[in-house]
J.: 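I have a structure I would like to understand better, so I am pasting it below and will then ask my questions one at a time.
What's counted below: heavy atoms across the whole structure, side chains too, no hydrogens, waters or symmetry copies. All of these numbers come straight from a predicted model, not from anything done at the bench.
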Amino acid sequence: MIERVKVFAGNSNKPLAMEICKELGIELGKSDVKSFSDGEVFVDIQESVRGVDVYVVQSTSIPCNNNLMELLIMCDALKRASAASITAVIPYYGYARQDRKAAPRTPISAKLVADLITVSGATRVVCVDLHAGQIQGFFNIPVDHLYATPVLLDYIKNNFSNDIVFVSPDAGGVERTRAFAKRLGASLAIIDKRRPKANVSEVMHIIGEVDGKVAIILDDMVDTAGTLTQAAQAIKDHGAKEVYACCTHAVLSGPAIERINKSVIKELVTTNTIPPREGAVSDKIKRLSVGPLLGEAIKRIHCGESVSSLFV
């Protein structure tokens with residue numbers, strides 16, 4: 001157990017927060033986070049945090065806006081309760097896809113959210129697999145950017161043979177996919193696709209050799225699963241023996257579950273940065289826990305030790 005540390009959680013992912021507390025050897029902090037009938041969020045921190053280093057665990061996943069407001073109001077409540085420091089632990093950072101002006105007169109919402117979190121009282125942020133690494137620079141406070149790589153790699157090592165090819169679903173994910181392929185001595189392939197509009201993609205062709213191999217599509221997140229299932233079908237059509245998929249954040253909104261169930265994907269391996277929504281379950285989805293990883297990161301942050309060495 002480490003001293004002078006308390007962990008609180010909003011309503012987005014309490015099971016993960018409890019796993020983190022188990023790793024730290026402490027109890028989850030007592031708080032009441034609820035909404036009035038009109039949707040207004042109310043927070044009551046039910047124990048003293050004066051002079052304590054506090055960690056607030058909250059993914060800004062579905063419902064994104066409500067969970068974001070819970071995080072902001074919890075940070076404000078803790079700041080006004082004289083916490084020594086407030087670290088926002090955001091396993092899934094919503095609005096990360098809006099990291100630049102992709103078209104005229106569009107917002108950079110990831111920067112706006114970063115400003116809101118800072119103003120609310122957070123003195124540090126911990127995230128897992130940001131959609132765009134440059135979001136770290138949107139904050140004027142320290143950001144610890146963690147990776148689910150060790151968790152996913154351990155599963156792949158224990159469940160797959162050497163005859164695999166890692167596939168990036170787009171050009172933007174090549175660096176991530178190459179890192180996985182290098183760690184396991186596997187080959188690399190890339191999907192070249194055209195996206196006419198948001199959440200709609202068209203697979204064009206595959207760069208690399210997938211024929212006769214077990215293909216693992218690697219991405220940071222899966223939302224509606226349109227890109228993922230189309231990529232899987234294209235890989236299968238090019239002669240892959242089996243197609244699997246790995247991602248850190250299983251958003252799985254809209255028709256995602258139905259698409260995955262009907263696809264050629266044998267298994268989607270993901271983490272618990274986002275909890276499964278009610279009814280959004282599938283026998284094809286395998287969830288791994290990042291609780292021990294986040295718990296170890298919090299220990300190192302609190303003790304002033306290296307966090308980056310976790311991923312060497």
Side-chain angles (χ1 to χ4, degrees), residues 2-10 12-13 16-17 20-21 23-24 26 29 45 49-61 67-68 70-100 108-151 175-176 220 248-249 271 273 290-312:
I2 54 179
E3 298 179 351
R4 306 301 295 170
V5 166
K6 291 187 178 181
V7 175
F8 292 88
S12 74
N13 204 340
L16 177 56
I20 293 171
C21 288
E23 180 72 17
L24 297 174
I26 61 177
I45 306 298
V49 295
R50 186 177 295 273
V52 173
D53 293 322
V54 177
Y55 294 80
V56 182
V57 181
Q58 179 82 334
S59 283
T60 51
S61 50
N67 286 331
L68 175 59
E70 285 186 6
L71 172 63
L72 298 176
I73 294 173
M74 288 188 79
C75 288
D76 183 75
L78 292 163
K79 175 179 66 175
R80 297 175 190 279
S82 301
S85 67
I86 303 167
T87 300
V89 181
I90 313 172
Y92 170 69
Y93 186 89
Y95 287 99
R97 286 172 284 185
Q98 299 183 53
D99 62 302
R100 67 196 188 284
I108 305 178
S109 302
K111 167 60 175 168
L112 172 61
V113 170
D115 289 343
L116 290 170
I117 291 169
T118 304
V119 170
S120 72
T123 55
R124 178 182 291 270
V125 170
V126 176
C127 293
V128 179
D129 278 335
L130 286 166
H131 185 67
Q134 66 264 25
I135 291 173
Q136 296 170 82
F138 293 176
F139 289 89
N140 292 322
I141 54 177
V143 176
D144 287 297
H145 186 199
L146 309 184
Y147 303 92
T149 306
V151 177
E175 184 178 353
R176 181 189 308 110
D220 65 319
T248 303
H249 310 297
T271 73
T273 58
V290 292
L293 176 69
L294 285 165
E296 179 62 26
I298 288 172
K299 284 181 189 177
R300 295 186 179 209
I301 291 167
H302 182 67
C303 297
E305 299 174 356
S306 171
V307 173
S308 60
S309 60
L310 278 169
F311 311 105
V312 174

J.: Side chains of L16 and L294: does their closest heavy-atom pair fall under 4.5 Å?
T.: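 When only atoms from C-beta onward are counted, L294 and L16 do touch, with a gap below 4.5 Å.
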
J.: Between Y92 and N13, is a side chain to side chain contact (heavy atoms under 4.5 Å, CB included) present by the stated rule, with each step listed?
T.: CA-CA 10 Å; Y92 170 69; N13 204 340; over 6 Å; no

J.: Got a second to check how far I298's CD1 is from C21's SG, nearest 0.5 Å?
T.: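 Output value for this atom pair is 8.0 Å.
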
J.: If you measure from NZ on K111 to CD on Q134, what distance do you get to the nearest 0.5 Å?
T.: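 So the gap between those two atoms works out to 13.0 Å.
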
J.: Distance check, rounded to the nearest 0.5 Å: K6 atom NZ versus L24 atom CG?
T.: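 Spacing of NZ (K6) from CG (L24) equals 14.0 Å.
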
J.: Could you grab the distance from atom NE2 of H302 to atom CZ of R300, nearest 0.5 Å is fine?
T.: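 Here the rounded value is 15.0 Å.
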
J.: Could you pull out the closest heavy-atom pair between Q98 and S109, with the gap in Å?
T.: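 That closest heavy-atom pairing would be OE1-OG, 2.7 Å.
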
J.: How many angstroms lie between NE2 in H145 and CG in D129, if you round to the nearest 0.5 Å?
T.: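 It comes to 5.5 Å.
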
J.: At their closest point, which heavy atom of S309 faces which heavy atom of S306, and how far apart are they?
T.: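 Where S309 meets S306 most closely, the heavy atoms are N-OG, 3.2 Å.
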
J.: Measure from the side-chain N and O atoms of H249 to the backbone N and O of T273, and report whether any donor-acceptor pair falls under 3.5 Å.
T.: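 Judged by distance alone, no pair lies under 3.5 Å.
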
J.: Could you go through the side chain to side chain contact (heavy atoms under 4.5 Å, CB included) check for T248 and Y147 one step at a time?
T.: CA-CA 9 Å; T248 303; Y147 303 92; over 6 Å; no

J.: Which residue, I86, D144, I141, forms the side chain to side chain contact (heavy atoms under 4.5 Å, CB included) with R124?
T.: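 Answer to the side chain to side chain contact (heavy atoms under 4.5 Å, CB included) test with R124 among I86, D144, I141: D144.
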
J.: For A148 and V290, work out which heavy atoms get closest and say how close.
T.: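 Minimum heavy-atom contact is CB-CG1, 4.4 Å.
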
J.: Can you see whether S12 engages N67 through a side-chain donor-acceptor pair at a distance of less than 3.5 angstrom?
T.: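 The criterion, which ignores hydrogens and geometry beyond distance, is not satisfied for N67 and S12.
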
J.: Side chains of Y95 and L112, heavy atoms from C-beta outward: is any pair under 4.5 Å?
T.: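 Y95 does not reach L112 side chain to side chain.
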
J.: Report the C-alpha separation of Q58 and E70 in whole Å, then their side-chain angles, then the decisive distance to 0.1 Å, and conclude whether the side chain to side chain contact (heavy atoms under 4.5 Å, CB included) test is met.
T.: CA-CA 8 Å; Q58 179 82 334; E70 285 186 6; 3.0 Å; yes

J.: Indicate yes or no: at least one non-hydrogen side-chain atom of V113 is less than 4.5 angstrom from one of Y93.
T.: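 Yes, at least one pair of side-chain atoms sits under 4.5 Å.
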
J.: Backbone N or O of G133 within a donor-acceptor pair of the Q136 side chain at under 3.5 Å?
T.: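 Side chain of Q136 to backbone of G133: a pair is present.
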
J.: Can you give me the closest heavy-atom contact between A96 and H131, atom names plus distance?
T.: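 Minimum heavy-atom separation between A96 and H131: CB-CB, 3.7 Å.
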
J.: How far apart are the C-alpha atoms of T87 and D53, what are their side-chain angles, what is the distance that settles it, and do they pass the side chain to side chain contact (heavy atoms under 4.5 Å, CB included) test?
T.: CA-CA 8 Å; T87 300; D53 293 322; over 6 Å; no

J.: So how far is it from I301 CD1 to Y55 OH, rounded to the nearest 0.5 Å?
T.: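 It is 5.5 Å, given to the nearest 0.5 Å.
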
J.: How close do G291 and I20 get, counting heavy atoms only, and between which atoms?
T.: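 Distance-wise, the nearest heavy atoms are O-CG1, 3.8 Å.
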
J.: Could you check if a side-chain atom of I117 sits within less than 4.5 angstrom of a side-chain atom of I90, using non-hydrogen atoms only?
T.: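 With C-beta onward as the side chain, the pair touches.
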
